[in-house]
A.B. asks: 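Questions regarding the structure given below will be posed in turn.
First the proteins, then the strands, lettered A, B, ... as listed; each starts at 1.
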2 protein chains.
Amino acid sequence: MDTGDRLLTPGEVAALFRVDPKTVTRWAAAGRIGSIRTPGGHRRFRESEVRALLEGDGVIEEMREDDAANKPRNAGPTNPGAYGPPNGLR
Amino acid sequence: MDTGDRLLTPGEVAALFRVDPKTVTRWAAAGRIGSIRTPGGHRRFRESEVRALLEGDGVIEEMREDDAANKPRNAGPTNPGAYGPPNGLR
DNA sequence: TAGAAGTCGGGTAATTTGGGAA
DNA sequence: GATGTCCAAATTACCCGACTTC
């Protein structure tokens with residue numbers, strides 16, 4: 001249905017960002033990243049959103065004109081709309 | 001309004017929440033989610049109810065903290081900022 | 001009827017939560 | 001202001017064998 005958003009656990013997101021799960025939780029608490037709560041209270045994050053954040057969701061993207069045969073970026077149709085970056089202002 | 005009550009199996013609900021089928025069963029046992037039992041004892045969940053839980057049915061609060069000098073954040077497909085304590089059951 | 005897959009029940013380890021202080 | 005670590009508690013994940021569903 002949707003973009004096939006897989007849900008990631010705080011530990012997964014933390015490992016992707018190389019930060020502590022606690023930090024990911026703070027991002028969610030601050031509204032910098034969308035979070036879905038389970039009836040039990042645990043959080044789940046959308047894989048597409050996390051991926052967008054990892055890639056530099058919207059702007060700051062340094063692109064080096066690399067060799068010719070290089071794979072661009074994930075041109076996946078995933079993600080209906082780029083999300084607002086958590087680091088909009090830092 | 002016809003909520004289109006399609007019944008989902010524990011495995012289906014578990015996949016939606018990215019949890020174990022066992023966890024979904026636990027939610028039903030704790031009364032956190034409505035469940036219909038088959039004569040054999042297996043549980044079935046209403047698709048409409050599960051979907052509501054995924055979006056944070058009851059607590060749809062829009063957090064507006066974006067200022068004018070910020071990046072325009074598009075409206076996400078799902079994830080208005082589902083905030084809300086689990087259930088007060090702690 | 002037989003078979004495979006899924007689910008149930010209980011129990012134990014790992015993860016996550018929330019707040020506080022460094 | 002933001003991040004990593006401490007604690008206690010809750011929630012979740014995986015183990016087994018047995019039953020139900022398709």
A.B. asks: Give a yes/no answer on whether the side chain of R44(A) brings an N or O atom under 4.0 Å of OP1 or OP2 in dT12(D).
C.D. replies: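 Checking dT12(D) against R44(A), no side-chain N or O comes under 4.0 Å of OP1 or OP2.
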A.B. asks: When you compare the side chain of R43(B) with that of I36(B), does any pair of heavy atoms fall below 4.5 Å?
C.D. replies: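 Counting from C-beta outward, I36(B) and R43(B) never come under 4.5 Å.
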A.B. asks: Between F45(B) and W27(B), does the ring centroid distance fall short of 6.0 Å?
C.D. replies: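 Ring-ring flag for F45(B)/W27(B): false, centres at least 6.0 Å apart.
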A.B. asks: Flag the pair P39(A) / I33(B) as yes when at least one side-chain heavy-atom distance between them is below 4.5 Å, and no otherwise.
C.D. replies: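 Side chain of P39(A) against side chain of I33(B), heavy atoms only: no contact under 4.5 Å found.
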A.B. asks: Between protein and nucleic acid, restricted to nucleotides 18-20 of chain D and to nitrogen or oxygen atoms under 3.5 Å apart, what atom pairs and distances do you find?
C.D. replies:
from    : atom 1 : to     : atom 2 : distance (Å)
dT20(D) : O4'    : H42(B) : NE2    : 3.4

A.B. asks: Can you confirm whether F17(A) sits close enough to T23(A) that some side-chain heavy atom of one is under 4.5 Å from a side-chain heavy atom of the other?
C.D. replies: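 Side chain of F17(A) against side chain of T23(A), heavy atoms only: no contact under 4.5 Å found.
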A.B. asks: Check nucleotides 5-8 of chain D against the protein and report each pair of N or O atoms closer than 3.5 Å, with its distance, or say if there are none.
C.D. replies:
from   : atom 1 : to     : atom 2 : distance (Å)
dT5(D) : OP2    : D20(A) : OD1    : 3.4
dT5(D) : OP2    : D20(A) : OD2    : 3.1

A.B. asks: Please state whether the phosphate of dC8(C), meaning OP1 or OP2, lies under 4.0 angstrom from any side-chain nitrogen or oxygen of R43(B).
C.D. replies: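 It does, given that an N or O in the side chain of R43(B) lies less than 4.0 Å from OP1 or OP2 of dC8(C).
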A.B. asks: Please state how far atom CD1 in I33(A) lies from atom P in dT3(D), giving the value in whole angstrom units.
C.D. replies: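 In whole Å, dT3(D) P and I33(A) CD1 are 12 Å from each other.
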A.B. asks: Would you give the length of the straight line joining atom CD of E49(A) to atom OG of S35(A), rounded to the nearest 0.5 angstrom?
C.D. replies: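 Output value for this atom pair is 9.0 Å.
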A.B. asks: Rounding to a whole Å, what distance do you find between R18(A):CZ and dG4(D):P?
C.D. replies: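 Result: 11 Å.
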A.B. asks: For dT3(D), what is the paired nucleotide under Watson-Crick or G-U wobble rules, both distances under 3.5 Å?
C.D. replies: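 For dT3(D), the partner nucleotide comes out as dA22(C), under the 3.5 Å rule.
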A.B. asks: Report the C-alpha distance between L8(B) and R46(B) in whole Å, list the side-chain angles of each, state the deciding distance to 0.1 Å, and finish with yes or no for side-chain contact (heavy atoms from CB on, under 4.5 Å).
C.D. replies: CA-CA 6 Å; L8(B) 301 178; R46(B) 296 194 181 276; over 6 Å; no
A.B. asks: Rounded to the nearest angstrom, tell me the gap between atom CZ in F17(A) and atom P in dT3(D).
C.D. replies: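 Nearest whole value for this atom pair: 11 Å.
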A.B. asks: Look up atom CD in E12(A) and atom CD in E47(A), then write down how far apart they are to the nearest 0.5 Å.
C.D. replies: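 Between E12(A) CD and E47(A) CD, I get 9.5 Å after rounding to 0.5 Å.
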A.B. asks: Please tell me if W27(A) has a side-chain N or O lying less than 4.0 Å from either OP1 or OP2 of dA2(D).
C.D. replies: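 The answer is no; no side-chain N or O of W27(A) sits under 4.0 Å from OP1 or OP2.
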A.B. asks: Can you measure L7(A) atom CG to dT16(C) atom P for me and round it to whole angstrom units?
C.D. replies: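 Spelled out: CG on L7(A) to P on dT16(C) is 14 Å.
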A.B. asks: Using OP1 and OP2 only, check whether a side-chain N or O of R32(A) sits under 4.0 Å from dA2(D).
C.D. replies: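 Yes.
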A.B. asks: Using modelled atom types only, decide if a donor and an acceptor are shared between the side chain of R44(A) and the backbone of R18(B) within a distance under 3.5 Å.
C.D. replies: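 At least one qualifying donor-acceptor pair exists.
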A.B. asks: Using 0.5 Å steps for rounding, measure from the CZ atom of R32(A) to the CG atom of L53(A).
C.D. replies: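 One finds 11.0 Å between CZ of R32(A) and CG of L53(A).
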A.B. asks: Bend angle of the helix from dG3(C)-dC22(D) to dG19(C)-dC6(D) from five-pair axes at both ends, rounded to 10°?
C.D. replies: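 Inter-axis angle at the termini of the helix from dG3(C)-dC22(D) to dG19(C)-dC6(D): 60°.
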A.B. asks: Please report the distance, rounded to the nearest Å, between CD in E12(A) and C1' in dT12(D).
C.D. replies: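 The answer, rounded to whole Å, is 14 Å.
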A.B. asks: Show the nearest heavy-atom pair for residues L16(B) and L54(B), with the distance to one decimal.
C.D. replies: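 Minimum heavy-atom contact is O-CD2, 3.9 Å.
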A.B. asks: Take F45(B) and T25(A), find for each the nucleotide of DNA chain C with the closest heavy atom, and name the residue whose nucleotide sits nearer the 5' end.
C.D. replies: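 That would be F45(B).
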A.B. asks: Closest to the V19(B) side chain: dG9(C), dT7(C), dT12(D)?
C.D. replies: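 Side chain of V19(B) sits closest to dT12(D).
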A.B. asks: If I compare all heavy atoms of G11(B) with all of P21(B), which pair ends up nearest, and what's the gap?
C.D. replies: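 Scanning both residues completely, I find the closest heavy atoms to be CA-CG, 4.3 Å.
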A.B. asks: Show the nearest heavy-atom pair for residues A14(B) and D20(B), with the distance to one decimal.
C.D. replies: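 Scanning both residues completely, I find the closest heavy atoms to be CB-C, 3.6 Å.
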